[in-house]
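Worksheet: one structure, shown below.
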Amino acid sequence: PAPPPGRAPALARRPPQGKPPAAMSRPSSAGYDLAESDTDVQHAGAAVVHQGRGRVRSVAGGLTAMCAAAVVGTAVFKSYAGGPVRSWRGVPLSLEETELHAAIAERARARSSTTSNSLLRLDQSLDSKGSSLCPGWTIRDCERKKFPLPYLPGEYPTEYTYNGSFPAGFIWGMGTAAYQVEGSYKKDGRGASIWDTFSGANTVGMPGNNCSYCCQTAPCPVNAAMADKGATGNVACDHYNMWKTDIALMKSMGLKYYRFSIAWPRLIPTGNISDGVNQAGVDFYNNLINALLAAGIRPFVTLYHWDLPQGLLDPPSKQGWWSRDADGKPDGKIIPPWLDYATVCFEKFGDRVKDWVTFNEPWTFIYLGSGYGKAPSIPEFNDMDVDIWIGAHNVLNAHGAAVDVYRRKFQPTQGGNISITVNSDWREPKFDTMEDIAAADRAQIVRLGWFAEPIFGETGDYPPELRILLGNKLPNFTAHEKQLLKGSSDFFGLNHYGGAWVTFDPTTPGKDFLFGKVSEEGFRPAESVWLFSCPWGFRKILNWVKNRYNNPPTIVTENGWSWPADTPDEGAADSSRLMYYANYTSEMLKAIVEDGVNVTGYFAWSVMDNYEWEQGYKQRFGVVYNDYQLGPDPNGPLPLTPQPTEGQQWRRRKDSSCWLETVFRTNSMADPNDQRYRCTCHAVFEGEFLDAKKCPRTISLNGTNVTITGKDPNTKVMCDGTTDKPWAAQATGFVSGGSIVVDFSAAGGSPRLGGFWDASVPEGA
C-alpha cells in the first residue's frame with residue numbers, strides 16, 4: 001500500500017525545537033526574536049517573529065499572521081502578495097485558503113500600531129466563544145499550546161517497523177454488534193428497534209411497533225438518510241442461527257476476547273420491563289457466552305450499540321435519549337427503563353461476563369443520529385443546535401447511573417470491569433500556526449472530550465473549552481450527577497479509525513463548533529468515504545488521551561479498515577487491510593514503549609463483513625469474508641433488491657486475519673510482508689483425518705469440490721479401528737481457502753456444516 005503523507009521537502013525542514021534560525025537574533029519588546037531582514041518576514045506592516053518552535057508570530061499582540069510568512073529552517077515562504085502562499089509542506093494553497101490567510105494578515109496589519117495588552121483585551125472581547133483566532137481559549141492560553149507530539153511537521157514516518165513485543169497480559173480481540181450480525185429480527189419474540197424502522201424493515205405486528213411514525217402496512221418506508229435503500233438487518237450475517245459456526249471460526253483464529261453487544265429489543269422487546277423479559281433472548285446470550293468460554297474466548301459485552309427499542313421512541317410522549325422537560329432541559333426519562341435493562345444483563349450474565357461497556361460511540365448515535373445518516377434521524381430531533389446536546393447529556397447520565405448500579409450491586413461479587421467507548425479520528429494541524437494547533441486540539445475536545453471529560457476529567461463536567469464555545473446551549477450537571485460521572489470507568493475505551501488535516505476556519509463554526517476545515521490530501525483512502533489511513537495519527541491520539549486524562553488504562557475497542565471485494569478470492573487477498581493493521585499496531589506499540597501510553601488492549605473491527613449501518617452491505621470491514629448468499633427478502637422495503645438470506649451463508653478468512661492471528665498468539669509484531677503469515681490455500685484439506693471420536697475421515701478434492709468418506713463407531717463410544725461402521729454414502733461440499741462447507745445429510749448428519757482450518761492444532765491431534 002502507498003505510505004502515508006511523506007516527509008516534507010528539504011526546504012520545509014523545521015529548525016530544532018527551541019532553536020530559532022540564525023537569522024533570528026535581534027530581541028524584541030515582546031520577548032521574541034526578530035529577523036534581521038524585516039522585509040523577508042513582514043507583511044502589510046506586521047513584523048513577524050519566530051517563537052522557537054517553527055511558528056510565525058506578529059509582534060503586536062502575539063497574534064499569528066498566518067501564512068503572511070512562514071519561517072522554515074533558514075528558508076522563508078513569502079506571503080500571497082509576493083506569490084502563491086505555501087504551507088510548511090511547500091504545497092500551494094487554494095484560492096479559498098489564500099483569501100482566509102490574507103484576511104487574517106489584514107487583521108494583524110490593522111492592529112500593528114496597538115499595544116500587546118490592549119490587543120489581547122480586544123481579541124478576548126470579540127465574541128463569547130473565546131478568542132476570535134482560538135475559539136474556546138484566550139490568546140494567552142492558545143499561545144501556550146504546543147504542536148502535538150511525538151511527530152513534528154515534516155517528520156512523519158514514511159515506513160514502519162514490525163518488531164517488538166507487547167506487555168504481558170495484553171488483551172487482543174475482535175468485535176461485532178448485534179444489529180450488524182445477528183439477523184432473525186422477528187424471531188423468538190424480539191421487538192422492533194429504531195434501526196428496523198429506519199431501514200424500512202417490515203415491523204408490522206412486532207412488539208414496540210406502535211409509535212406514531214411506525215410502519216403499519218408493508219412494504220415499509222425507508223428513512224431518507226438511509227444511503228443503501230433496501231438494506232436492512234433482517235438477516236445480516238445470520239449469526240443468530242450460525243453462532244456455533246462463528247465460535248468455531250473465532251477459535252481457529254486464536255481469538256481470546258470477543259466483543260459483542262446485547263440487543264436490548266431481543267431481551268426486553270418493548271424496552272419496558274413491565275411488558276416482560278424475553279426468555280428466548282436470555283437463552284440465546286447464555287448459550288453464546290457459555291460456548292465462548294468453553295472455546296477459551298472471553299466475552300467483552302456492550303450494553304448499547306445503537307439499537308434502541310422502538311417502544312421507547314414515540315415523540316412527543318416518548319423521546320428516547322432526547323427527552324426533555326417543559327423548559328427544554330434534559331430530564332432523563334429514559335434512564336429508569338435503561339437501568340432495568342442493564343440490571344437484567346448484570347443479573348443474567350454478570351457471573352460470567354467480566355468486561356462491560358455501557359455505550360458504544362455516543363457521539364455517533366447522538367450527533368449523526370440527529371439527521372446525519374444514523375437512526376432515528378426523525379424531524380423531532382434533527383435540530384442540531386439543540387437536540388445533540390440534550391441527547392448527549394441524557395446518555396452521559398445514563399452511563400453514570402448504570403455504573404453506579406453495577407458497582408454497588410454487582411461488582412463486589414462478580415468482580416468485573418465497566419466502562420464506556422468513545423470515538424474520534426485524529427486531526428493534524430495543517431499548518432504550524434497557533435490557530436491550526438488550536439483547531440486540532442478543539443477537534444478532539446468537541447468530539448472525544450465531549451463525552452470523555454465528565455468521566456475522566458477532574459470535575460465530572462464538560463470540558464471548560466466546550467462551555468466557553470457553547471455557553472447556555474450546554475446543559476448543566478447536578479452535583480450528584482457529577483459525582484456519579486467522575487471516575488465512572490475502569491478503563492478508557494477508544495474507537496479510532498483514521499486521520500486528516502485540519503485548518504482554522506473562523507467563517508464556519510459547524511454544528512459541533514470545530515471552527516475548522518478538514519482535508520485529506522496525501523492520506524490513503526479506504527472504501528468508506530470518511531476513512532483515511534494515518535497510522536502516526538493513531539499514536540498521536542493515544543498520546544492526547546494520556547496527556548489530557550492522566551494516562552488511564554486504555555483499551556482500543558475498535559480499529560479497522562474497509563476495502564471492497566466482490567468474491568471470496570478477492571476478499572481473502574486483503575493486503576490493504578493487512579498493511580493497515582500492521583502500521584497501526586506498530587504505532588500503538590511505539591506509543592506504549594517509547595511514549596509510556598498505558599494501552600492495555602486492542603480490538604480489531606470486525607470479525608466478519610457485516611451490515612454497515614446506513615451503507616448496508618456495500619462496505620466490508622471484516623477480517624473474514626462473508627458470502628451473504630444474496631436473494632430476495634420478503635420483509636424488506638424493496639423485496640426484489642438482493643439481500644442476505646438465511647441458512648446458506650458461509651465465511652472465509654482473509655489474509656489480515658491470519659496476520660493478526662500471529663500477533664495474537666505471539667503477543668508480538670510480525671512482518672506483514674512475510675508470506676508465512678498469510679492464510680492457507682484449500683489444498684490443506686485433502687487427506688485423512690480423525691474426528692473427536694477418533695473416527696477416520698477421508699477428504700478428496702476435485703478443484704474446490706469436496707467428497708468425504710468415513711466411519712462411525714459401531715457399538716462403542718469411540719472408533720476402535722476394527723468394528724467401525726463405514727458410511728452408507730459419501731458427503732459432499734466445497735472448499736475455499738481455509739474454509740470447508742459440507743452436506744453430511746447422506747451420512748446421517750447436518751445438511752450444512754462449516755469448518756475452518758486451524759493451523760495451531762498439532763498434526764495428528
Side-chain angles (χ1 to χ4, degrees), residues 1-8 66 87-94 96-97 100 135 145 147-158 160 361 363-364 367-368 372-373 422-433 435-450 494-545 556 558-563 576 579-580 583-584 587-588 605 615 619 621:
R7 295 181 181 274
M66 184 162 59
S87 72
W88 53 261
R89 297 188 306 283
V91 179
L93 301 182
S94 68
E96 180 184 358
E97 291 170 321
L100 170 62
K145 290 188 174 297
F147 198 90
L149 299 176
Y151 300 112
L152 292 170
E155 298 178 356
Y156 306 115
T158 57
Y160 298 89
E361 294 188 7
W363 181 90
T364 304
Y367 187 85
L368 299 183
Y372 277 12
V422 294
N423 67 298
S424 185
D425 290 336
W426 180 249
R427 297 294 180 249
E428 182 77 354
K430 192 170 186 179
F431 305 105
D432 188 10
T433 64
E435 295 85 353
D436 282 11
I437 292 171
D441 198 28
R442 191 163 49 247
Q444 297 311 317
I445 289 168
V446 301
R447 187 164 174 174
L448 197 67
W450 180 10
L494 175 66
N495 288 2
H496 173 77
Y497 285 83
W501 311 110
V502 66
T503 189
F504 174 56
D505 182 358
T507 65
T508 311
K511 296 299 183 181
D512 57 356
F513 290 85
L514 173 60
F515 285 96
K517 180 180 179 181
V518 176
S519 57
E520 299 89 8
E521 65 269 16
F523 294 103
R524 184 176 180 85
E527 182 181 18
S528 305
V529 296
W530 53 270
L531 177 52
F532 294 81
S533 177
C534 180
W536 50 263
F538 185 30
R539 183 177 177 184
K540 286 201 170 192
I541 198 171
L542 290 171
N543 273 275
W544 192 93
V545 171
V556 180
E558 284 185 26
N559 180 239
W561 185 250
S562 60
W563 200 248
S576 177
M579 293 305 299
Y580 171 93
N583 294 340
Y584 268 70
E587 287 296 283
M588 178 174 67
W605 186 270
Q615 299 298 328
Q619 297 181 7
F621 273 90

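Numbering of residues begins at 1 and proceeds along the displayed sequence.
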[X] [atom1] to [Y] [atom2] distance, which is reported to the nearest 0.5 Å:
X	Y	atom1	atom2	answer
Leu531	Arg524	CG	CZ	11.5 Å
Tyr156	Trp536	OH	CH2	4.5 Å
Trp544	Leu494	CH2	CG	10.5 Å
Leu448	His496	CG	NE2	10.5 Å
Asp512	Ile445	CG	CD1	12.5 Å
Phe538	Glu587	CZ	CD	9.5 Å

Practice task
Using the side-chain contact (heavy atoms from CB on, under 4.5 Å) rule, take Glu558 and Phe621 through it: C-alpha gap first, then chi angles, then the decisive distance, then the call.
Solution key: CA-CA 11 Å; Glu558 284 185 26; Phe621 273 90; over 6 Å; no

Does the side chain of [X] reach to within under 4.5 Å of the side chain of [Y], using non-hydrogen atoms?
X	Y	value
Glu520	Pro525	no
Ser519	Lys430	yes
Tyr584	Val556	no
Asn583	Ser533	no
Val502	Asp436	no
Thr508	Lys517	no

Kindly say whether [Y] contributes a backbone atom to a donor-acceptor pair with the side chain of [X] at under 3.5 angstrom?
X	Y	value
Asn543	Arg539	yes
Lys540	Pro148	yes
Arg442	Pro135	yes

Exercise for the section: Give a yes or no on whether the ring-centroid distance for Trp501 and Phe431 is below 6.0 angstrom. Expected result: no

Problem - Aromatic ring proximity, centroids under 6.0 angstrom, Trp530 and Tyr497 - result: yes

Minimum heavy-atom separation for [X] to [Y], with atom names?
X	Y	answer
Tyr151	Glu155	CD2-O, 3.5 Å
Ala500	Val518	CB-CG1, 3.6 Å
Thr507	Pro509	O-CD, 3.6 Å
Cys534	Gly498	CB-C, 4.5 Å
Gln444	Arg427	NE2-N, 3.7 Å
Trp563	Glu527	C-OE1, 3.3 Å

Handout entry: Check: Ser576/Trp561 side-chain N/O donor and acceptor closer than 3.5 Å
Key = yes

Practice task
Please check if any side-chain donor atom of Arg447 sits under 3.5 Å from a side-chain acceptor atom of Tyr367, or the reverse.
Solution key: no

Handout entry: Geometric class of the Phe513/Phe515 ring pair [parallel <30°, tilted 30-60°, perpendicular >60°]
Key = tilted

